[in-house]
K.L.:
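Quick one: this structure, given as structure tokens, is what I'll be asking you about.
Every chain is numbered from 1, with letters handed out A, B, ... down the list of sequences.
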There are 2 protein chains.
Amino acid sequence: MNVLITEDDALHRAFLKTTVENALPECDQVLEAEDGEIAMQKVATNDVFGIIMDLQMPKASGVDAAKEIWRRNPDMRILFWSNYADEAYVRGVSRIVPSGAVYGYLLKSASEERLELAVRGVFLQDQCIIDREVRGIQQRSEDTLEGLTDSEFEVLTDIALGMTDKAIARRRNISSRSVQSRLKHLYEKLCIDASDTGFEFGPVFNSRTRAVATAFSRGLLNADGLAASQESLDEWLRGPTLR
Amino acid sequence: MNVLITEDDALHRAFLKTTVENALPECDQVLEAEDGEIAMQKVATNDVFGIIMDLQMPKASGVDAAKEIWRRNPDMRILFWSNYADEAYVRGVSRIVPSGAVYGYLLKSASEERLELAVRGVFLQDQCIIDREVRGIQQRSEDTLEGLTDSEFEVLTDIALGMTDKAIARRRNISSRSVQSRLKHLYEKLCIDASDTGFEFGPVFNSRTRAVATAFSRGLLNADGLAASQESLDEWLRGPTLR
DNA sequence: TCTTCGACTGCGGATATCCGCAATTCAAGG
DNA sequence: CCTTGAATTGCGGATATCCGCAGTCGAAGA
């Protein structure tokens with residue numbers, strides 16, 4: 001029974017290793033990977049029972065790696081261990097977890113006991129253990145009222161990448177007027193009122209860019225998620241529209 | 001002789017403490033702070049000789065805290081210890097360091113020996129010790145050719161916050177046409193060509209939002225720096241234009 | 001079946017943005 | 001003194017974006 005630790009920070013990696021050795025005496029070997037790519041390799045070439053994975057990593061992010069690993073091995077137990085409970089991360093994880101898969105989502109601020117309990121719960125008892133704080137974000141992002149629709153979130157990432165209305169319309173197979181309609185709803189939910197003139201010479205903010213800014217400051221978007229979205233956009237650009 | 005460690009991650013904090021105790025036997029007491037605000041308090045109420053400071057922290061970021069601390073005490077030795085060598089961080093630090101101040105900038109990926117050497121160099125021998133990688137970024141951001149002008153950087157943060165051309169013009173005391181002129185140069189340096197049609201239905205990207213996206217992915221901007229810029233914007237909005 | 005509600009869509013107008021062209025200013029050097 | 005180059009500004013036009021209004025469509029529910 002081997003456990004893989006995927007974490008770029010050396011100190012955290014060492015800490016996780018000793019914790020696993022403590023909490024899981026049944027564990028034969030603790031493998032280590034310092035980024036998502038190495039993790040995928042190690043899973044492919046070793047008999048890995050479960051994974052503890054950081055979300056913020058260079059090269060392949062934790063979400064990317066988990067997605068690929070679950071694609072080949074839907075039963076893999078994965079315990080995510082992250083610094084933040086940003087909506088972007090929570091959403092990203094929720095999107096890729098296969099139905100029936102066993103996983104956990106713990107914050108690094110959690111105590112060592114909670115971590116040990118989570119390790120045993122996820123790896124030995126097939127429990128899904130989600131940090132309370134994360135759980136809150138998860139629910140909120142599922143509620144249509146509090147958070148954003150998938151459509152709105154989609155269009156938000158698109159404008160954050162700098163796409164024009166027309167390009168978004170093409171990509172999502174809707175009219176450009178619909179894109180604007182979705183944007184309008186997005187602006188409302190983010191409380192962006194272009195005519196809300198903070199000073200006497202007209203509006204201070206451009207709705208489009210302002211939406212991206214507030215989404216960033218609220219944790220709806222983050223650099224990692226944006227990089228991932230950029231990749232899928234590149235793929236789309238290379239794809240069907242290429243002559 | 002007391003040393004203050006400012007770092008939100010508990011593991012890193014503990015690591016720094018033992019390192020300092022090893023490298024600096026002369027040190028009487030190691031104080032700890034888990035965010036920038038606490039750091040400022042501790043500096044005010046204790047006799048602190050030098051500081052090791054993380055840059056990414058909740059509440060007040062490392063740059064904010066260092067700025068305030070240096071304002072009251074320009075001779076304070078500060079060793080920055082950061083995960084990334086993002087241009088935004090390097091620029092932020094370079095901007096606030098008083099002339100003649102002793103400081104260091106080390107990456108967390110540096111070895112423990114390098115860290116110990118840096119601690120002794122900065123605290124005991126008044127050396128400025130800058131990580132080679134950071135030094136590279138620093139030089140590049142000083143060169144006008146490679147990096148961006150201060151004007152261009154300024155306008156970049158403004159559009160990233162969602163400001164309109166007119167508002168930027170007001171704030172920076174130039175005409176809105178000049179804002180567009182600066183933007184044009186910015187777009188050129190970021191290699192953003194709106195007419196670079198990736199597909200057959202016109203341009204894919206909106207220059208303005210695209211610039212923000214690429215600036216983010218290149219580390220010219222980051223969430224922390226944006227939050228700081230937002231604060232100074234709020235201040236300006238409350239200030240002279242308020243009737 | 002009828003109603004309701006939300007999403008999508010087209011039209012048209014008000015602004016905002018992007019950019020080429022050209023005149024001006026100003027500072028650094030030859 | 002003259003030249004050069006960079007920054008600023010105005011003008012004008014081509015697009016892009018934002019948004020109100022109104023019509024269509026499909027799904028959910030009475």
K.L.:
Quick one: salt bridge (charged side-chain N to carboxylate O under 4.0 Å, His left out) partners of Glu154(B), sequence neighbours excluded?
P.N.:
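In terms of salt bridge (charged side-chain N to carboxylate O under 4.0 Å, His left out), with neighbours along the sequence ignored, Glu154(B) is linked to Arg172(B), Arg182(B).
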K.L.:
Write down the distance between CD1 (Ile159(A)) and P (dT17(D)), rounded to a whole number of angstrom.
P.N.:
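It works out to 10 Å between those atoms.
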K.L.:
Going by the side-chain contact (heavy atoms from CB on, under 4.5 Å) test, name the single residue among Val179(B), Val155(B), Leu233(B) that passes it with Met163(B).
P.N.:
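That would be Leu233(B).
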K.L.:
Just how far, in rounded Å, is C1' of dT9(D) from CG of Asn173(B)?
P.N.:
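In whole Å, dT9(D) C1' lies 15 Å from Asn173(B) CG.
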K.L.:
Atom CD of Glu188(B) to atom P of dA7(D): distance rounded to whole Å?
P.N.:
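After rounding, the gap between these two atoms is 11 Å.
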K.L.:
Answer yes or no: are there more than 12 heavy-atom neighbours, outside Glu34(A) itself, under 6.0 Å from its atom CD?
P.N.:
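Count not over threshold, so no.
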K.L.:
From the list dT9(D), dC19(C), dT17(D), which nucleotide is the closest neighbour of the side chain of Thr164(A)?
P.N.:
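In terms of side-chain proximity for Thr164(A), the closest of dT9(D), dC19(C), dT17(D) is dT17(D).
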K.L.:
Which of the following nucleotides, dT8(D), dG10(D), dT17(C), is nearest to the side chain of Arg182(B)?
P.N.:
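When the side chain of Arg182(B) is considered, dT8(D) is the closest of dT8(D), dG10(D), dT17(C).
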K.L.:
When you get a sec, tell me which of dC18(C), dA7(C), dT9(C) is the closest nucleotide to the side chain of His185(A)?
P.N.:
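Of the options given, the side chain of His185(A) lies nearest dA7(C).
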K.L.:
Kindly determine whether Gln180(A) and Asp165(A) satisfy side-chain hydrogen bond (donor to acceptor under 3.5 Å, both in side chains), including the steps that lead there.
P.N.:
CA-CA 7 Å; Gln180(A) 297 174 353; Asp165(A) 291 0; 3.3 Å; yes
K.L.:
From the set dC18(D), dT9(D), dT9(C), return the single nucleotide nearest to any side-chain atom of Ser175(B).
P.N.:
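When the side chain of Ser175(B) is considered, dT9(D) is the closest of dC18(D), dT9(D), dT9(C).
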K.L.:
Provide, to the nearest angstrom, the distance between the CD1 atom belonging to Ile168(B) and the P atom belonging to dT8(D).
P.N.:
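Between P of dT8(D) and CD1 of Ile168(B): 13 Å.
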K.L.:
With under 30° as parallel and over 60° as perpendicular, where do the rings of Phe80(B) and Tyr103(B) fit, or are they tilted in between?
P.N.:
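Taking Tyr103(B) first and then Phe80(B), their aromatic rings stand perpendicular (interplane angle over 60°).
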K.L.:
Quick one: which of Val90(A), Asp86(A), Asp131(A) gives a side-chain contact (heavy atoms from CB on, under 4.5 Å) with Ile137(A)?
P.N.:
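Exactly one pass, corresponding to Val90(A).
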K.L.:
Which pairs, protein N/O on one side and nucleotides 12-15 of chain D N/O on the other, fall under 3.5 Å?
P.N.:
none

K.L.:
Which part of the nucleic acid does Ser181(A) contact within heavy-atom distance under 4.0 Å: base, sugar-phosphate only, or nothing?
P.N.:
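Counting heavy atoms under 4.0 Å across all strands, the contact made by Ser181(A) includes a base.
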